[in-house]
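Worth knowing before you read on, the calculation uses all heavy atoms, side chains too, and leaves out hydrogens, waters and symmetry mates. A, B, ... follow the sequence lines: proteins, then strands. Residue 1 opens every chain.
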Amino acid sequence: MTPEPDDFLRAVEAALFVAETPLTPADIKLHVGEGGDLPAALGALADHYAGRGVNLVERGGRWHFQTAPDLAHILRREKDEPRKLSRAAMETLAIIAYHEPVSRAEIEAIRGVQVAKGTLDVLMEAGWVRPAGRREVPGRPLIYATTVDFLSHFGLSSRRDLPGVDDLRAAGLLDPVDLALEGLGGQSVVENDDEDA
Amino acid sequence: MTPEPDDFLRAVEAALFVAETPLTPADIKLHVGEGGDLPAALGALADHYAGRGVNLVERGGRWHFQTAPDLAHILRREKDEPRKLSRAAMETLAIIAYHEPVSRAEIEAIRGVQVAKGTLDVLMEAGWVRPAGRREVPGRPLIYATTVDFLSHFGLSSRRDLPGVDDLRAAGLLDPVDLALEGLGGQSVVENDDEDA
Amino acid sequence: MDDLFIAPAIPSPETLTVSFEAWEGPLDLLLSLARTQKVDLREISILALTEQYLDFIDGARELRLELAADYLVMAAWLAYLKSSLLLPRQEQADPSPEDLALRLQLRLQRLHAMRDAAARLMARDRVGRDVFARRKPEGLRLVKKALWRASLYDLIQSYGQIRARTQPAVHIIAVRPVMTLDEAIQRVGSLVGAALDWTRLESFLPPDLDAPKAKSALASSFVAALELARQGRLEMQQDGIFAPLYLRAAPPNQEAVA
């Protein structure tokens, strides 16, 4: 079924294998010369690699090897590492959830503490927060909102499922009990190294 | 002739294709999982690529794709010329490879000249030689051995593949060097600028 | 391949015009000379080699080349070896000159073997020179993906904390039901005159008070009683600590005295 590859085909194969970028037929000829039928060789190679883990593809007149699309997952193997959100991230998420869409300045006004950029990054990386356009006020600040993933992670069918302030009070979650313990100085506190502190 | 490759084999093929360094079977398993017979897949792949422009080879327990040696002339570029080793460095590398682990004094006994510090540095910088502990004799001299990268670079599956190693061993030319017997002149010759002359 | 590392060819000892930089020491020179014998190193004649070496050094001396000390040391050692080899056997020292010659031969063989091995090693198909890996592999990545853990409770608790921390605290003091001191003086003062004998303090309180107001009324009435007593308008009596407190109007004569 697979005929023994001739040297011209082998040369084309090797040239494409080592290439740093996709190659045009002219690029390939620079390496392998004119000693064969290049279109035929490319066609034969593409056929040969069609069902394999690596495919030869042509994109805009340039040829290159790439891994089969269905194998992408093995090349970027992800390892889950459970981590707990920092308090700053948790609070920022809560504010976005309750007040969305909100700008960073608004989050800071509500938290009474500056928000490090990294905090929002973490929430976006987690897939729970997304930029939701800009507010049409001077400075056009970016505004943030929660995502569908946020709802599903927290088991909410919509943001209206979030307990209201009255519910929180009834549950004792608004009691300022730990205020003294937190020792929060308020406005001048920056939670970590933030470039726009 | 070539059976349709299964997904496990395809995954192994793709992983080896995108890898930046040669992979041990353990590395490969990390990505493709345990869902297949890895040694069989590697063997099948090596067979499949044997006559082609790209080959799958095993070097020191690690696998990688490389172009076929006979195609070197079409693939070599000006800048590809690997570092030129001095004669001293080449001999030192050979002595380490065939005798490892060896101390500097043992290398000197064979070469009849002192080993310039730069010589070992060059070999270590190339990633071909590494310190391999100390010999438990008076003075506890540092001993040197070759690396897996040495095997990869020189296309050796293992040190048993070193050219002529069996004949040399049979001829007794690789026996441990008896430093006490090496009372001949030469020890004070420094091959070049060496601070511990 | 054997000749890859041979130092500049030595046509014959007499025509040497070569500097010592060509060799890496006496052993290297010896090996080069040995190779000119064109025999297997195992069959080399150390005696002949010694002759060659000494001739070479002599020739070099005549050519007024600078001689490195090591070459002269080797020359002296070889001259000693040569004379020992020519001596009758019984006068030989230990180790025997044959032994020394054998060791020198072995050393030359070893150096030659390693030189040959180096050449064969360098001639292999080397990665980056003869065989090539992909120049820009995409790379296998093990991405550590943070799996963030947070519960709905964490979320709402956080929100509660923010609200609790940042909402302005408004303290409203409830209007509590009290009987003022003035009221109490008024009431106790008017009622005590109507009482004929010792009467308990509680009897002076307004009827049907709810609990908070009753407490306030009792406290105010007690203070009012003290005030009225101070003014001499009533007398107070108590049999012991926490015993009931009795009031009655002061006798008129006492009021006159006061």
Side-chain angles (χ1 to χ4, degrees), chain A residues 14-15 17-21 65-67 74-85 87-95 97-99 107 109-113 122-123 125-128 150 153-156 161-163 165 167-169 171-179 182 184 186, chain C residues 1 4 117-178 210-213 215-216:
Chain A
F17 173 80
V18 298
E20 285 175 23
T21 53
F65 279 117
Q66 65 177 28
T67 53
I74 68 149
L75 309 177
R76 244 181 68 92
R77 204 179 76 86
E78 294 188 346
K79 191 179 170 212
D80 288 337
E81 227 183 15
R83 287 172 69 181
K84 207 164 159 52
L85 275 189
R87 199 181 102 168
M90 203 66 242
E91 288 190 6
T92 303
L93 179 62
I95 291 168
Y98 274 88
H99 297 267
I107 298 169
I110 295 168
R111 275 195 76 207
V113 184
V122 162
L123 295 174
E125 187 212 312
W128 294 337
F150 164 81
H153 179 91
F154 289 96
L156 301 165
D161 286 359
L162 284 170
V165 172
D167 300 320
L168 297 180
R169 182 175 294 117
L173 290 169
L174 289 190
D175 293 345
V177 277
D178 50 2
L179 195 52
E182 308 292 350
L184 277 175
Chain C
M1 192 179 292
L4 211 78
R120 294 170 73 176
L121 211 47
M122 295 300 145
R124 288 187 63 84
D125 290 329
R126 291 167 61 186
V127 174
R129 189 188 70 173
D130 308 294
V131 296
F132 300 89
R134 294 182 67 213
R135 292 200 169 104
K136 283 264 177 70
E138 292 79 3
L140 279 166
R141 278 174 199 64
L142 194 64
V143 180
K144 277 192 186 156
K145 189 182 171 207
L147 190 71
W148 295 105
R149 269 196 311 209
S151 67
L152 186 59
Y153 175 75
D154 294 332
L155 183 78
I156 61 178
Q157 190 204 34
S158 292
Y159 191 67
Q161 282 179 359
I162 301 161
R163 293 294 294 245
R165 190 168 77 214
T166 57
Q167 290 242 316
V170 178
H171 298 281
I172 299 166
I173 296 164
V175 179
R176 295 164 65 193
V178 291
D210 55 7
K213 178 114 188 209
K215 263 189 184 167
S216 168

S.K.: Grab the two heavy atoms, one from Arg111(A) and one from Ile162(C), that are nearest each other, plus how far apart they are.
M.R.: CA-CG2, 4.0 Å
S.K.: Is there side-chain contact between Leu155(C) and Trp128(A), with heavy atoms separated by less than 4.5 Å?
M.R.: no
S.K.: Could you check which of Ile95(A), Thr21(A), Thr67(A) has the highest count of heavy-atom pairs closer than 4.5 Å to chain C?
M.R.: Ile95(A)
S.K.: With a 4.5 angstrom heavy-atom cut-off, which part of Leu162(A) approaches chain C: side chain, backbone, both or neither?
M.R.: side chain
S.K.: Looking at every non-hydrogen atom in both residues, tell me the closest pair between Met90(A) and Ser151(C) and how far apart they are.
M.R.: CE-O, 4.4 Å
S.K.: Quick one: salt bridge (Lys or Arg N to Asp or Glu O under 4.0 Å) partners of Arg124(C), sequence neighbours excluded?
M.R.: none
S.K.: On the 0 to 90° scale, with breaks at 30° and 60°, tag the Tyr98(A)-Tyr159(C) ring pair as parallel, tilted or perpendicular.
M.R.: parallel
S.K.: Return the set of residues passing ring-ring contact (aromatic ring centres under 6.0 Å, His included) with Phe65(A) (not counting sequence neighbours), or none when no residue passes.
M.R.: Tyr49(A)
S.K.: Side chain, backbone, both or neither: which part of Ala150(C) has an atom under 4.5 Å from a heavy atom of chain A?
M.R.: both
